[in-house]
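In what follows, a structure is listed as structure tokens, so that the remarks can point back to it.
Every chain is numbered from 1, with letters handed out A, B, ... down the list of sequences.
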Amino acid sequence: MSVYQLNKLCHRTLDDLEFREAMKRDPQAAIAGFDLTAAERDTLLAGDVARLFEIGVHPFLLSFLTRYEIFGLTTEVYSERIRKARDPHRSA
Amino acid sequence: MSVYQLNKLCHRTLDDLEFREAMKRDPQAAIAGFDLTAAERDTLLAGDVARLFEIGVHPFLLSFLTRYEIFGLTTEVYSERIRKARDPHRSA
Amino acid sequence: MGEVVAGFGVPHSPHIPEQVKKQGPSHPVVPRYARVAEAIAAARPDVLLVFDCDHFSTFFLDNLPIFAVGVADRTAGPNDRTPMPRYEVPVHAALAAHLRSSGVEAGFDLALLQDFEVDHSIMVPLHFMTPGMTIPIIPIFINCFVPPLPSARRCYALGQAMRAAVESFAQPLRVAALASGSFSLEIGGPKVAPGRRQGVPDPAWVERAAGLMQGGKIEQLLDEATTERMLRAGNVSAELLTWIAALGVIGDRLPEPMQLQPAEGEVYGIWRWN
Amino acid sequence: MGEVVAGFGVPHSPHIPEQVKKQGPSHPVVPRYARVAEAIAAARPDVLLVFDCDHFSTFFLDNLPIFAVGVADRTAGPNDRTPMPRYEVPVHAALAAHLRSSGVEAGFDLALLQDFEVDHSIMVPLHFMTPGMTIPIIPIFINCFVPPLPSARRCYALGQAMRAAVESFAQPLRVAALASGSFSLEIGGPKVAPGRRQGVPDPAWVERAAGLMQGGKIEQLLDEATTERMLRAGNVSAELLTWIAALGVIGDRLPEPMQLQPAEGEVYGIWRWN
Ligand SMILES: [Fe+3]
Ligand SMILES: [Fe+3]
């Protein structure tokens, strides 16, 4: 269920303006309400989007984090990191 | 969509205790928040469950109204009325 | 390689837990559930595939699937204000995900359900039969209440696809199917009994359908159990589709002598071979 | 007796309405959408069947259907914070209910969606092509984002079933199919362009898939458009399944010369015969 929680957290960042502001202000506090493992929490707070992708967070949802530059994920940082993720569907 | 609204109203009578109390106290006020036609509102307030069934309210949901005796629908009254409804699936 | 080791079918009246609590073990349903419970224990399943019709509790008419599979680590219930204890129950997420993927690949359009509780139709049987809640379940939901319903043949084929998926699963799990539902029951519709909110309009159909199962006449059952025929037996009588799906898992094996309560619209069934 | 009179396919980038608002009619998408809009107007449809992939806006992962049909009197959107005007649009509830019933009878497990809004993937195309919002739509949702996906063959068969259902509808409606989606697009995944949040990983696949449509080689397209192949073209490239479902409605007719933007992963298509 944790991956579901991570997906939900990303979605809420788009959908819930108050939550989005909380995520920008104090991410650690904002994510406290989700049922995550300690490792997932650390991965999130580190903005390790490659790892989040690899454990199953949907990339479309993950990209909401950079849309609002949560966890320091500017577009440049996000792009650089996600491009290093293991991709099960490599281009030919 | 009105039949959907009627189904939703029945379901809320089971699921939402405050709404259920409001339905017992002042049904006319309680149903004001639903997008219903005037005819549907009258049919509801009259407890005309046969008619509600015939226009498509699901009988399982409809029976929530008698479970809490909304609109004066004691089990006896409900049973007598619904048994007169046109049934598309008559017993053999 | 998973293995299907048994199949079961029971009813799930929401009034029974409270009645039994008051009346104690002299209540007639107690030995009926107990007999199935013993058979479940003897089959030692690692997972129970529960074929279920939701009663507008897990789903509503806003987004109502024909078929759905619960894929999560656990669920809880009842979520429909049934007077009975509240339970948490583990779900076998890995097998559930495999069943769903395999089913979609086989052309069954199975909705993904990840954040959900279940109603009395799952919790009443578990309360009586596996109250320890230690056997993981996988709920497979079938729309039996809101026409258009899936056909009996499609539900049977779904069961067959689930069986094949169990057998292609990497771990050697013992899996049993459990169907939950009545054969004849009207709730809140024109066929209720006088002075009642429900009724059992068609005891003869209970005997007919159970008789076909008892005799292993599955093709005949699939022919006869049309939506029209099932709804003549009561507006929630298409709960029979849960049994038909379970039969798809079970195959052509014969049940032990079934416990029939035609006047109550109910049947208890045990298929055991392993 | 309803009649299918035309088919169309377009992309739906959520950034375009705002860009066009700033840049005006010199924006390159304006004439592309305009050409399809003219063809829609010329086909005079009474109803638009819109094959769509939801972007976690109408559905979420809690209860995610493989296929769903919107059955309501109206819908509205976008519901996903896309910067563009908000619209209400009528839905043809009677035909939608008939399509769903017929589909379920034909063995497609179509979820019922009654209380919903839609996202940019429906509203961007309508904004550019039918901004009056006077033609009733019927949204048919396909899960293109969360594997397991339905196969291309099953989506095509769904389209064929929808066509048969249109033809068995009692009223003489003119119905057109509209597909909405990209052929190659990666959003937020490893195949994004350097320094970007998205990318177009596979322009060659855009030309290949469009070329097969252009040549009427549907069987070949159904063989080649595996989940694996589509996802190699980008993580949301299985939006192609909306086009494949629309082709099921259209049959073996050939399109007018298609507008291809391989570098953008996008295609605009027009099938007209009546
Ligand atoms: Fe039931
Ligand atoms: Fe899209």
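Exactly one of D:Asn143, D:Leu149, D:Ile66 qualifies for a side chain to side chain contact (heavy atoms under 4.5 Å, CB included) with C:Val104. That residue is D:Ile66.
Neither the backbone nor the side chain of C:Ser151 comes within less than 4.5 Å of any heavy atom in chain D. Contacts between C:Phe60 and chain D at a heavy-atom distance below 4.5 Å are absent for every atom of the residue.
Ranked by heavy-atom pairs under 4.5 Å with chain C, the list D:Pro148, D:Ala111, D:Pro65 is led by D:Pro148. Among the candidates D:Asn63, D:Leu113, D:Leu110, the residue making the largest number of heavy-atom pairs closer than 4.5 Å to chain C is D:Asn63. Options C:Glu105, C:Arg153, C:Arg100 differ in how many heavy-atom pairs under 4.5 Å they form with chain D, and the most are formed by C:Arg100. Your options are C:Ser101, C:Pro150, C:Gly107, C:Pro147, and the one with the most heavy-atom pairs under 4.5 Å with chain D is C:Gly107.
In this structure, CG on C:Asp109 lies 4.0 Å from CZ on D:Arg154, to the nearest 0.5 angstrom.
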